[in-house]
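Only one structure is covered here, and it is reproduced in the block below.
Counting convention: from 1, in listed order, for ligands and their atoms alike. Model, not experiment: these values are computed from the prediction. Below, each value reflects all heavy atoms present in this structure, side chains not excepted, and no hydrogens, waters or symmetry copies.
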Amino acid sequence: MADLLIGQVLSFGGNPMTEGLGAAHHRTRGGVLVAGGKIIAVGEAEDLHRAHPRARVTDYGDALISAGFIDAHVHYPQTAMIASWGKRLIDWLQSYTFPEEMKFADPAYAAEIAARYFDLTLSNGTTTVCSYCTIHPESVDAFFGEAQRRGLRAYAGKTCMDRNAPDGLTDTAQTAYDDSKRLLQKWHGVDRLSYVVTPRFSPTSTPEQLAAMGALWAEHPSCLMQTHLSEQTDEVAWVKSLFPSARDYLDTYETHGLLGPGALFGHAIYLEPREIDRLREVDASLIHCPTSNTFIGSGLFDMDGLSASGHRIGLATDTGGGSSFSMLRTMAAAYEVAQLRGRPLHPSELWWLATQGAARSLRADDRIGNIAVGMEADITVIDLASTPAIAQRAARAGDIWEALFPTIMMGDDRAVRAVWVNGRPL
Ligand SMILES: [Zn+2]
């Protein structure tokens, strides 16, 4: 039986960052017809109701029907240590991250955190994430097992590190290759799951391990590859000292087969001109993690320059370096960071980045991240008056963007009225 969801409907016919506001479509009283896990029609509520009189109707009134949020860079194992005080990147990894990641050798602990993580993200309206796991294969099995049970489209990979990490949290070039390959063969393409080749970043991988990851990716080009790039200045200096013959940070990946379409680079704040050009040339994805960049004191991503030059950009929380599980809070931080660089992002651009833009960064925008015919029915319904503060501001709104912006800036999980995954309400 088909389901007809009624409410305000927001969808995208293009990218508002490059094509302007006309790329966003809003219906005040729209309908979304769902059957077999897919969106099969989008239109005016009344028209769809008349054409499909037997569809089961769920009327969300004035709430906004949107594609589910997509979080393009997270570390689910850092769920329990989110909001840890007072450190910058390298110290933060040593003090908080590595001790916590050590615990994921225990499959029961990994399963507990994976379940908790998806409870939190779904309650925040996020229906797809792309996650780092830990070096332990158990952490990958826990993530994909939980995502599979919930019917989610999900991306993840075993984090690989063979140096500059504590004992108990390192693999080798060979075991990283072997374990990653076994996990890839077990999970990639199963149901809605995709394996991602995942070296953590150049400081924690030897050239041999980076080369092994490059070889694995070359053998499985349908996989994405994710890593970190130029998050903090002392990290960039460290990379230069570890790879003295590299032209720049990106070159440490490029020379080992880890640059190409389908590569996701988290942060990408301190880029040199050659790096900017190469990233554009190969059409790799840059993943902006604004709450993390302010929380760890990293810096201000150049959204204006990089979007204008046509780079592929996704948005992400970077849990738990990021300080929130909410893509609403993440959009607000992206707005604030861009303001500090003189570019006020329009609500349509922020919403696009958190849905279709993030899907595009994962090269999945033909399947998820939009309310359009043929898309998978991962849907988040947003209450635009979820708190007294938001309601009193939204009441004065002259159009949908003015109505949406208070929720972007002040909203949280209370704004998430309903979530549908693969055509079913949670
Ligand atoms: Zn990260």
Could you walk me through whether Thr198 and Gln226 satisfy the side-chain hydrogen bond (donor to acceptor under 3.5 Å, both in side chains) test, starting with their C-alpha distance in whole Å, then the side-chain angles of each, then the deciding distance to 0.1 Å, before giving a yes or no? CA-CA 5 Å; Thr198 308; Gln226 63 182 345; 3.1 Å; yes

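- The stretch residues 381-394 participates, sequence neighbours left out, in these side-chain hydrogen bond (donor to acceptor under 3.5 Å, both in side chains) pairs: Arg393-Glu402.
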Using the side-chain hydrogen bond (donor to acceptor under 3.5 Å, both in side chains) rule, take Ser202 and Thr252 through it: C-alpha gap first, then chi angles, then the decisive distance, then the call. CA-CA 7 Å; Ser202 291; Thr252 65; 2.6 Å; yes

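- Of the charged side-chain nitrogens involved, at least one lies within less than 4.0 Å of a carboxylate oxygen, so that Lys181 and Glu219 count as a salt-bridged pair.
- Taking a cutoff of 4.0 Å between a charged side-chain nitrogen and a carboxylate oxygen, Glu376 and Arg424 do not qualify as a salt bridge.
- Within the sub-2.8 Å shell of the Zn ion (ligand 1), the protein contributes these N/O/S atoms: His73 NE2, His75 NE2, His228 NE2, Asp318 OD1.
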For Asp283 and Glu281, what are the C-alpha separation, side-chain angles and deciding distance, and is it a side chain to side chain contact (heavy atoms under 4.5 Å, CB included)? CA-CA 6 Å; Asp283 198 20; Glu281 209 167 75; over 6 Å; no

